[in-house]
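Written below as structure tokens is the structure these notes are about.
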Amino acid sequence: MSIFKKGRIAVGVIAVGAVVALAGCSQGDPTAPDTGSGGGSGDAIVVGSFAFPESEILGQIYAQELKAKGFDVSTKFNIGPRQQTIPALQDGSINLIPEYNGNLLAYYKTDFTERTTKDVDAALGDAVAKDKLTVYKSAPAEDKDAYVVTSDFAKKNNLKAIGDLSKVQPFSLGANPQFATLGYGIPGLASTYKVSQVTFVPYEDFGGPDTVKALTDNTVQVADIYTTSPDLKAKDLVVLDDPENLIAAQNIVPLLSKKIASDKLEKTLDAISAKLTTDDLIDLRNRVEGDEKASAETAAKDWLKKAGL
């Protein structure tokens, strides 16, 4: 959907190994249908997004490719958390939105135990069907919490996976305050990987600049930073592998109303998912949120061209 980023801290969905935070809404009623936008049948599609840049970029990718394939498409971005997007999908204000499979499953099934992409995807169809929604294939791209170290620290200590942190105990770990009690945080680190000699240092920016600075200046040796953060490349950081799937899958997946489902739509969205990688999301976010300040529309257009779509 994974608390994810400071920009997502308002959704209020907590699950085993997954917390979503999707904050902020645009002014007025962002879910009110546009006049004449055709929200519920035939080839007319209203694409929505959550209220953070990555989601808007993904919404633009969906919208632009669907227009290119002949669909009648309009957009309604920056809606807010799932407490708003799911009702909007139900009432036809929007009928398609890019989602995160693990967090979406957590919304419907707070006690879910599925961890891998395959298992989460398998459970998701039945979960969303109760709201007359459906999902198509998920992308390899994931935006989720990750245990991250600097490249120098990884090389010096031969760190490749989370379990390797047992070799560098005791150490300090920086993350959002909730990480101290989350199933995939400090408790899960101890129970799943037997790493317990950890000094927890809370940071309120959810993998943002304060957390990154603490990691790069060695205030902490490990940090919870999200897998699409541009800082991973910019600061030469290393995401530690998670072979035990402590952190549930958070693949990008299209969520849509069954009213607009069709073979043509499925084929178009599946083609996007097949091409979209986590590295792509890092690069897209960097263009929009970094020094370039590209628009989500421009970044999406360039990615579609590069992907051959």
Side-chain angles (χ1 to χ4, degrees), residues 1-11 13-15 17-24 49-58 81-82 98-104 106 115 117 120 138-151 154 162 173-180 182-186 188-189 201-216 220 222-242 245-253 276-290 296 299:
M1 153 136 77
S2 235
I3 291 171
F4 271 45
K5 299 191 197 59
K6 186 177 181 180
R8 304 186 196 181
I9 186 71
V11 82
V13 176
I14 300 177
V19 180
V20 180
L22 298 166
S49 83
F50 294 116
F52 55 90
E54 180 178 279
S55 186
E56 184 174 348
I57 294 166
L58 291 166
R82 289 183 183 85
E99 258 286 5
Y100 300 84
N101 60 356
N103 285 338
L104 181 58
R115 321 303 301 159
T117 297
V120 171
S138 64
E142 287 189 271
D143 183 355
K144 67 178 182 178
D145 297 79
Y147 286 79
V148 175
V149 297
T150 65
S151 178
I162 297 173
L173 185 151
N176 65 79
Q178 292 87 344
F179 204 78
L182 292 174
Y184 61 85
I186 299 299
L189 187 60
V201 183
Y203 291 92
E204 296 283 357
D205 66 344
F206 297 89
D210 292 342
T211 305
V212 172
K213 184 177 185 300
L215 182 64
T216 56
V220 300
V222 184
D224 173 32
I225 297 173
Y226 304 98
T227 56
T228 65
S229 170
D231 284 321
L232 294 177
K233 289 187 176 181
K235 305 295 185 182
D236 194 22
L237 305 179
V238 175
V239 173
L240 297 177
D241 292 337
D242 181 17
N245 296 301
L246 172 63
I247 302 169
Q250 298 295 347
N251 302 81
I252 307 302
V253 64
L276 189 65
T277 68
T278 302
D279 280 344
D280 289 335
L281 290 183
I282 294 173
D283 293 339
L284 286 163
R285 284 190 57 197
N286 186 52
R287 292 195 63 192
V288 173
E289 300 174 53

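Start at 1 with the first residue, then count along the sequence.
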Closest contact, heavy atoms only, Phe179 versus Tyr147: CZ-OH, 3.5 Å
Asp205 side-chain N/O to Thr211 backbone N/O, donor-acceptor pair under 3.5 Å: yes
Heavy-atom pair with the smallest gap, counting every atom of Ser151 and Val238: CA-CG2, 3.8 Å
Report yes if some heavy atom in the side chain of Leu237 is under 4.5 Å from a heavy atom in the side chain of Leu232; otherwise report no. yes
Within-4.5 Å side-chain heavy-atom neighbours: Gln250 and Asn103: yes
With a 4.5 Å cut-off on side-chain heavy atoms, are Tyr226 and Asp145 touching? yes
Could you tell me whether the side chain of Asn251 and the main chain of Asn101 form a donor-acceptor pair under 3.5 Å? no
Note, Tyr203 side chain near Val220 side chain (heavy atom, < 4.5 Å): yes
Contact check, side chains of Asp236 and Thr150, non-hydrogen atoms, under 4.5 Å: no
Could you check if a side-chain atom of Ile57 sits within less than 4.5 angstrom of a side-chain atom of Val288, using non-hydrogen atoms only? yes
Student check: side-chain heavy atoms of Leu281 and Leu58 closer than 4.5 Å: yes
Check Leu240 against Ile162 and note the closest heavy-atom contact, atom names and distance. CB-N, 3.8 Å
Counting C-beta onward and ignoring hydrogens, is there a side-chain heavy-atom pair between Lys235 and Val212 closer than 4.5 Å? yes
